[in-house]
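Protein chains get the first letters and strands the later ones, always in sequence-line order, with residue 1 at the start of each.
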Protein chains: 2
Amino acid sequence: MADMDDTVRRHKYELSEDEMPTRWYNIVADLPTPPPPPLHPGTHEPVGPADLAPLFPMALIEQEVTTERYVDIPGGVLDVYRQWRPSPLFRAHRLEQALGTPARIYYKYEGLSPAGSHKPNTAVPQAYYNAAEGVKKLTTETGAGQWGTALAFAAALFGLECEVWQVGASYDAKPYRKLMMEAFGGVVHRSPSELTEAGRLLGADPANWSGSLGIAISEAVEVAAGDPETRYALGSVLNHVLLHQTIIGEEALLQMAKAEDTPTLIVGCTGGGSNFAGLSFPFLREKLAGKISPRILAAEPASCPSLTQGVYAYDFGDTAGMTPLMKMHTLGHDFVPDPIHAGGLRYHGMAPLISHVYEEGYMEAEAVPQTECFAAAIKFARTEGIVPAPEPTHALALAIREAERAKETGEETVILTALCGHGHFDLAAYDAYLTGQMTDEAVSAERFAAALETVPQI
Amino acid sequence: MADMDDTVRRHKYELSEDEMPTRWYNIVADLPTPPPPPLHPGTHEPVGPADLAPLFPMALIEQEVTTERYVDIPGGVLDVYRQWRPSPLFRAHRLEQALGTPARIYYKYEGLSPAGSHKPNTAVPQAYYNAAEGVKKLTTETGAGQWGTALAFAAALFGLECEVWQVGASYDAKPYRKLMMEAFGGVVHRSPSELTEAGRLLGADPANWSGSLGIAISEAVEVAAGDPETRYALGSVLNHVLLHQTIIGEEALLQMAKAEDTPTLIVGCTGGGSNFAGLSFPFLREKLAGKISPRILAAEPASCPSLTQGVYAYDFGDTAGMTPLMKMHTLGHDFVPDPIHAGGLRYHGMAPLISHVYEEGYMEAEAVPQTECFAAAIKFARTEGIVPAPEPTHALALAIREAERAKETGEETVILTALCGHGHFDLAAYDAYLTGQMTDEAVSAERFAAALETVPQI
C-alpha cells in the first residue's frame, strides 16, 4: 500500500556504471576445504581440461577449476553488463507496511536485464569466451525459458548461432518464452525431441513427456559433443556459472553499505543454485571473515528439494548420464519433478559448490509448497508493483515468514532477498493461482526414495 | 553487435532519485495562442468543471484547465515514482554500430516501470487524486493493455477498485495482459461488452466486434457516470495526462545534458499522444525559448494516421458520443482502425494539445506501415537486448530511417527517441512478423474519407 501521506522515502540503492565491480568472486579461495572434483563417467577419475574441451572453451574450463579469489571481468563483458548493471537494490517499504512488520526487507532485482532475469550475467561471458575461441554455435537446455532467452540474446550480440532445448512442460505452458528467444534469433526445440538419440530414447517413456532439465541437458550436450564448431552452455550448477553470478552479491554488498544496513537473513531460491550463490557467496566471504553474521537460507520447491531431501553423492548432471559425475545433493539423475510452475527449479541436483558449502554448515535450506509462494507473490505484486517469476517467489515466501516472525518477536530483522526475475511469461501460473486451480505438489517420501536408487554407487 | 574489442562505453545516463524533477510542465503556458476549449456535446458551449465532475476528481479537472507553467508533484506520487524513476536514458551504441551510421541514437526507456510502459506516470497521480477525494472505484478502457495494467497497479496502491474494458482485438491477442491486470487486482472485460448500453448497442454491429479505444471509452465512461463513488480515468489525450507524462522529457533534458549532447531529431509514436508529448514538450519549451532547434516528429501508424490523414475539427473522444467535443485531429469518432499489433495506437483522434501544437507548426508527423516497424524492432532487439512494444517501434523505424540518411549525407545527427514500453506481452506480433504472416495495413483514401463524414459539423 501507498498512502495519502506525502512522505518521500528512498526506494532504491543504486550504483553508477562506474561503481560496478569489475571482478567476479570465487568462494573456493576462502573455503577451508576444497570441493570434491568432478569424475569421468567411465573411469571415475577426476576429469581434466581435455575431457571438457569438446563441451566448453578453454577460458571457461580454467574458470571452472581456478582457485584464485577474484577473476577480472573482460572489457567486452563489462561493456554489455553496463547496459543494465549495476542492478537496483530496493527497500520494500510498501510490502513491509502491508505486512505490518518491523523487519526491513531489501530485494536485489535482476528482472531489468534483457532476458528479464539474472541469467545474462553468465550468458554474456559464456558467449564472449566462446566467440573469442572461434566457436560458431551454442547449444543449451532451458527450463522456464529464462536461461534460453539470456543465451539467445548473448549469442546474438557476439554473432553466434544458438539452439535451445526447452523442457516440455515449460515449452507448452509458456509459448511467449519461445517467441522471445526467437525474437533474439534463437532456435527452440521442445524436449524431449526427436532430434537427438537421448531425446528419442528418453521420450519413448510417457513418464518423461513433460521433460526435465536433466533430459534437455542430455540433448544439448549430445549435439555439442558431435560438432567441433559447436559448444554447450550451461545456465547454472557449474563453478564458472556461479562465479559469473557473484556480480549480484558484490553489487549488493556495496548497496547495503549505502543503505547503512546489514542483513540478518539472506534468502534466495535454488534450482541449480546460480542465483542463490550469486547473491550469497560475497556475503559468505564477509561472514567467513567474521565481519557479518547473517543466516544464509536456500528456498527450494517442495516438489524438487535436492538439499533437504536428496543425498550428497556423486551423480550425473543429466538424465542420460553423459556428463561428468559431480558430488552434489541429488534426488537421482532420472528424477522427474512434478510440472510445477517454477520450471527453473525443476533440477534433480544442486550446484556442487553449494552442496559443499551446505555440507560444511555455512547455510541452511527449507522447502516451500507452491501455493504459499504464489500467495507471497500476489502480496508482493500489489505492493511493490513487480510480478515476480515463480522461482523467486519461493524466497519471497520465506522472507515473509521471517518478517511475520519479527512481528511476533520484535527482533531486529533485516532481510535481503534475491528477486532474480519478473514473471511476465509466467502469468498462466498466476491465473491458476487466482482462479483456485493451483494445488500444492504431491510429495511422498516413497517417491523420493525410489528416485534415489538411481544415484550411482561410487 | 557487441564485439571482442574490450572498450567499455557509457550506455546509460542516469539520474539519482534525488535528481528527479519534482514538477510537471504545462506547455500551454508557453504557447503564443491557447488551445481551443472542449465543448459540451449538447449545448456546444465550453465545458466547465461542473460538467466534468461526474467523471474526474476536482484536482485533475483543475490540472486540465490550468495555465500555470509548472505543477508540483505531490509527495505521495513522488514516493511511488521513485521506485522506478528516474528512468534511464540509453545511448544505442550497438544499434548504431549495426547500422554503420555516424548518427548518435539515444532512447529514453520507460519499460522498467511496474506496468512495463510510461503509463504509470499518469496512473499513479490519477489514483492518488481520486483516493484523496474519496473515490472508491476507477473505470477505464485499455488498448494494448499497458494503460489498464498501469491503472490496476496504481489502484492497488491506493486501495481503489479498478474495472477495465479492453479493446476486443487486444483482449483476444494478448491474454497475458489480462492476467497481469488481474495479478494487480484489476477486473477486466472484453469490449464491446454486454455490461453497458454503449457496448450492447455498438457490439451489435459485427464491424465493431474487434473493438476500438473509442468504444471501450464509451463503456468505461457510462459506468463511471452512473455511480457517484466511481470515477473514470483516461490514459492519454487529455491535458492533465500529457502534463503528468512530462516527467519523461524533464528527466531526458537533464540526461542529455549529462551526455553533453543535443538532439537534432526527437521522435516518438503517437496514439492518443501522451508518450510523445511527455518526451517532447519540455524540449519544445527549450526550442520556443530559442535554446535548441530539434525537429520534433510524431510517428503514427499507417492504419490510424490522425495527424497526417485526419481533419482538425471538433469531434467526440469516444465512439458513442458521450464525451465533450474536443478540437483535435480526427479520423472520425466511429472510425475502427485495422486490428494492427500496436493496439495502443488505434485511436481515431489525437490529443487536443498536440493537435494545436501541430497546427501551429511546431512539429511534424509521418505515418509508418507495420512491417517496417517490426523490421526495426528486430534490429533493435538483437543489438540493444530489449524487445520493444509494437507502439514505439513506429518511432524506432523513423529513427532508423534518419540514421540511414545520416550515413548518406554525413550530417551530424543526434536522435532522441521515446522507447515507451517493452513488448513482453506482444510476442504474438513478433511471431507473425518472423514467420512472414504479417502484412501492411490496408489503407485507402476512400475509407478515411468515409470515416471523416461522421465528424460533427460545428
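- In terms of heavy-atom pairs under 4.5 angstrom with chain B, the leader among Ala183(A), Gly116(A), Ala381(A) is Ala183(A).
- With a threshold of 4.5 angstrom between heavy atoms, Phe425(A) approaches chain B through its backbone and through its side chain.
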Intermediate values then yes/no, side-chain contact (heavy atoms from CB on, under 4.5 Å), Phe380(B) and Leu396(B):
CA-CA 8 Å; Phe380(B) 189 84; Leu396(B) 283 178; 3.8 Å; yes
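- When each of Lys12(A), Met180(A), Arg82(A) is scored by its heavy-atom pairs under 4.5 Å with chain B, the top score falls to Lys12(A).
- With hydrogens and angles ignored, the 3.5 Å screen pairs no side-chain donor or acceptor of Glu17(A) with any backbone N or O of Arg10(B).
- A donor-acceptor contact closer than 3.5 angstrom is absent between the side chains of Gln166(A) and His189(A).
- Side chain of Glu133(B) to main chain of Met58(B): a donor-acceptor pair is present (N/O by atom type, distance under 3.5 Å, no hydrogens or angles).
- For Tyr176(A), the parts sitting under 4.5 Å from any heavy atom of chain B are the backbone and the side chain alike.
- Contact annotation for Ala428(A): both backbone and side-chain heavy atoms come within less than 4.5 Å of a heavy atom of chain B.
- Put simply, the residue from Glu96(B), Glu384(B), Glu260(B) that forms a salt bridge (charged side-chain N to carboxylate O under 4.0 Å, His left out) with Arg91(B) is Glu96(B).
- Under the 4.0 Å criterion applied to side-chain N and carboxylate O atoms, Lys137(B) and Glu163(B) are assigned as salt-bridge partners.
- Among Gly185(A), Pro74(A), Ala131(A), the residue making the largest number of heavy-atom pairs under 4.5 Å with chain B is Gly185(A).
- Contact annotation: the side chain of Ser117(B) never approaches that of Cys420(B) to less than 4.5 Å [non-hydrogen atoms, C-beta and beyond].
- Side-chain contact, His11(B) with Asp79(A): a donor N or O sits under 3.5 Å from an acceptor N or O.
- Residue pairs that meet the salt bridge (charged side-chain N to carboxylate O under 4.0 Å, His left out) test with at least one member in residues 424-435 of chain B, sequence neighbours left out, are Lys174(B)-Asp426(B).
- If you measure heavy-atom distances from Phe184(B) to chain A, the contacts under 4.5 Å come from both the backbone and the side chain.
- Residue contact with chain B, scored on non-hydrogen atoms closer than 4.5 Å, involves the side chain of Glu14(A) exclusively.
- Side chain to side chain, Gln126(B) and Arg231(B) fail the donor-acceptor criterion of an N or O pair below 3.5 Å.
- Of all the listed residues (Glu182(A), Gln83(A), His422(A)), the one sharing the greatest number of non-hydrogen pairs under 4.5 Å with chain B is Gln83(A).
- Neither the backbone nor the side chain of Ile73(A) comes within contact range of chain B; no heavy atoms are under 4.5 Å apart.
- Interface summary for chain B: among Phe153(A), Tyr430(A), Tyr433(A), the most heavy-atom pairs under 4.5 angstrom belong to Phe153(A).
- Defined by atom type and a distance below 3.5 Å, a donor-acceptor pair is present between the side-chain atoms of Arg177(A) and Thr149(A).
- Residue-level contacts of residues 105-114 of chain A with chain B, in order of numbering, are Tyr107(A), Leu112(A), Pro114(A); threshold 4.5 Å between heavy atoms.
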